Undergrad: 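Pasting in a structure now, in structure tokens, and then I'll have a few things to ask.
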Amino acid sequence: MPPTTYDELKQAISARYPTMSKQLQGIARFALERPNDLALGTVAGIAESAGVQPSSMVRFANALDFGGFSEMQQIFRGRLVERSASYRERIEQMRQSKRNGAPATGPTGVLHASVSDAITELGHLEETVTTAQFNAAIRLLAGASQIHVLAQRRAFPVACYLAYALGQLELRTHLLDGVGGMLSEFVRNIRPDEVLIAVSFRNYSAGVIEAAADCHRRHVPVIAITDSPLSPLKGNARITFELGDDSSRPFRSLVAPLCLAQALVVSTGHELAGTGDKSPAPPRRPRKAAK
């Protein structure tokens with residue numbers, strides 16, 4: 001039976017992604033990164049944007065138990081109808097039309113294009129992060145005996161900010177930088193009463209994926225900040241924030257993950273202030289009696 005909602009469709013794509021051909025996997029990534037294109041385009045136009053033949057789009061729909069492409073497209077259109085009441089969506093369409101008519105060139109054009117992309121990312125962030133998962137992450141962070149943060153390559157600035165800002169809340173926070181090739185040894189010492197925040201985007205860092213998997217096996221809570229339900233981090237995380245990350249862009253932004261990171265820090269601070277909890281102080285050695 002084919003999926004009937006967009007959430008069910010995302011779950012179906014995630015479940016069947018490992019067994020799909022490379023071409024269908026490419027379409028799967030395109031569909032989850034650019035769902036509006038799937039909703040509004042023709043099968044020929046969408047196939048051209050995805051770099052495949054129209055027949056491949058039909059095969060992709062069939063792989064998800066749909067009778068044809070148009071049947072699958074109705075799911076994407078239903079998602080868009082639910083969200084299309086906001087002016088943000090209309091403004092974004094106007095921006096896209098304007099940019100398509102006048103390509104962004106020169107420093108000013110690049111700046112305007114970057115700002116426009118950032119606004120779109122932040123709108124997507126607000127719509128995809130649920131109150132339940134956000135509150136669950138805050139409770140984990142506020143209650144952990146120690147927080148470990150891990151990211152590599154492009155995602156590393158997000159980890160640096162989290163380690164710094166959570167430390168300013170007087171929470172025991174450790175940035176796992178893997179200096180000296182000791183990452184696996186540090187990860188092995190993380191306990192179940194602690195938390196690992198793992199950040200990785202496509203193309204995913206093998207060290208981050210392996211660390212999250214190791215923690216998951218040992219029942220250490222993992223909070224993942226990633227880009228897609230197809231991310232290998234998702235299967236090893238208790239809470240996953242899927243921010244979206246258009247891989248077709250030559251330069252991908254960190255605006256959304258950094259905004260999420262800041263919101264998590266500030267909200268964790270409110271949680272600590274509300275409960276009066278603080279990270280326990282390290283035990284002190286007893287002083288020797290004066291002779």
Side-chain angles (χ1 to χ4, degrees), residues 6 10 29-41 45-46 48-51 76 79-131 133-134 137 149 151-165 168 197 199-205 224-231 240-267 269:
Y6 183 68
K10 286 201 304 181
R29 289 193 297 270
F30 181 88
L32 294 177
E33 290 171 357
R34 299 166 64 176
N36 289 359
D37 291 3
L38 267 289
L40 300 173
I46 297 167
E48 183 179 358
S49 298
F76 288 95
R79 168 190 172 273
L80 189 58
V81 167
E82 291 174 358
R83 299 171 58 246
S84 62
S86 72
Y87 282 134
R88 280 199 307 250
E89 196 79 29
R90 301 178 194 178
I91 292 170
E92 173 58 18
Q93 291 174 3
M94 293 170 61
R95 288 174 180 273
Q96 291 291 343
S97 300
K98 200 170 183 179
R99 285 166 55 190
N100 290 339
T105 57
T108 304
V110 171
L111 175 61
H112 289 329
S114 298
V115 170
S116 178
D117 289 343
I119 291 171
T120 301
E121 285 181 36
L122 293 175
H124 179 76
L125 170 68
E126 190 174 25
E127 291 162 356
T128 54
V129 174
T130 67
T131 301
Q133 68 177 166
F134 191 79
V149 191
Q152 295 176 348
R153 300 202 299 262
R154 184 172 72 91
F156 189 64
V158 183
C160 288
Y161 171 76
L162 282 167
Y164 162 77
Q168 293 299 303
I197 304 176
V199 189
S200 190
F201 311 109
R202 189 170 176 262
N203 297 314
Y204 308 101
S205 300
I225 299 176
T226 189
D227 51 4
S228 164
L230 303 178
S231 168
T240 306
F241 294 103
E242 303 161 10
L243 307 186
D245 189 11
D246 189 348
S247 59
S248 65
R249 296 176 183 171
F251 298 96
R252 289 173 284 172
S253 169
L254 289 176
V255 168
L258 283 171
C259 182
L260 174 65
Q262 188 173 46
L264 286 171
V265 169
V266 174
S267 298

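Being a predicted model, the structure only gives us computed values, none of them experimental.
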Undergrad: Taking atom CG of Leu260 and atom CD1 of Ile225, what is their separation to the nearest 0.5 Å?
TA: 5.0 Å

Undergrad: Compare every heavy atom of Ala118 with every heavy atom of Val255, then report the nearest pair and how far apart it is.
TA: CG2-CB, 3.9 Å

Undergrad: Where the side chain of Ser200 meets the backbone of Ser205, is there a donor-acceptor pair that is under 3.5 Å apart?
TA: yes

Undergrad: Side-chain contact test, heavy atoms from C-beta onward, threshold under 4.5 Å: evaluate it for Asp37 versus Phe76 and give yes or no.
TA: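 Counting from C-beta outward, Asp37 and Phe76 never come under 4.5 Å.
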
Undergrad: Heavy atoms, side chains only, cut-off 4.5 Å: are Asp227 and Tyr204 in contact?
TA: yes

Undergrad: Is there a side-chain contact between Leu264 and Phe134, using heavy atoms and a 4.5 Å cut-off?
TA: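 SC-SC contact between Leu264 and Phe134 confirmed.
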
Undergrad: Between CD1 of Ile46 and CZ of Arg34, what distance do you get to the nearest 0.5 Å?
TA: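 Rounded to the nearest 0.5 Å, the CD1-CZ separation comes out at 10.0 Å.
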
Undergrad: Backbone N or O of Ser228 within a donor-acceptor pair of the Arg29 side chain at under 3.5 Å?
TA: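 No, the answer is negative, given that no donor and acceptor are paired below the 3.5 Å cut-off.
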
Undergrad: Once you round to the nearest 0.5 Å, how far does CD of Gln133 lie from OG1 of Thr128?
TA: 7.5 Å

Undergrad: What heavy-atom pair brings Ser253 and Glu121 nearest, and what distance separates the two atoms?
TA: CB-OE2, 2.9 Å

Undergrad: If you measure from CD on Glu33 to CG on Leu38, what distance do you get to the nearest 0.5 Å?
TA: 11.0 Å

Undergrad: Taking atom CD as the centre, does Glu48 end up with more than 12 heavy-atom neighbours from other residues, nucleotides or ligands that are less than 6.0 angstrom away?
TA: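 12 or below, so no.
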
Undergrad: Using side-chain heavy atoms (C-beta onward) and a distance below 4.5 Å, is Leu254 in contact with Phe201?
TA: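 Yes, their side chains come closer than 4.5 Å.
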
Undergrad: Which heavy atom in Ala261 sits nearest to a heavy atom in Leu162, and how many Å separate them?
TA: CB-CD2, 3.6 Å

Undergrad: Quick one: pull up CG in Leu32 and OG in Ser231 and give me the separation to the nearest 0.5 Å.
TA: 12.0 Å

Undergrad: To the nearest 0.5 Å, what is the distance between CG on Leu122 and CD on Glu127?
TA: 11.0 Å

Undergrad: Could you report the tightest heavy-atom contact between Arg202 and Arg154, atom names first, then the distance?
TA: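 Scanning both residues completely, I find the closest heavy atoms to be O-NH2, 4.4 Å.
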
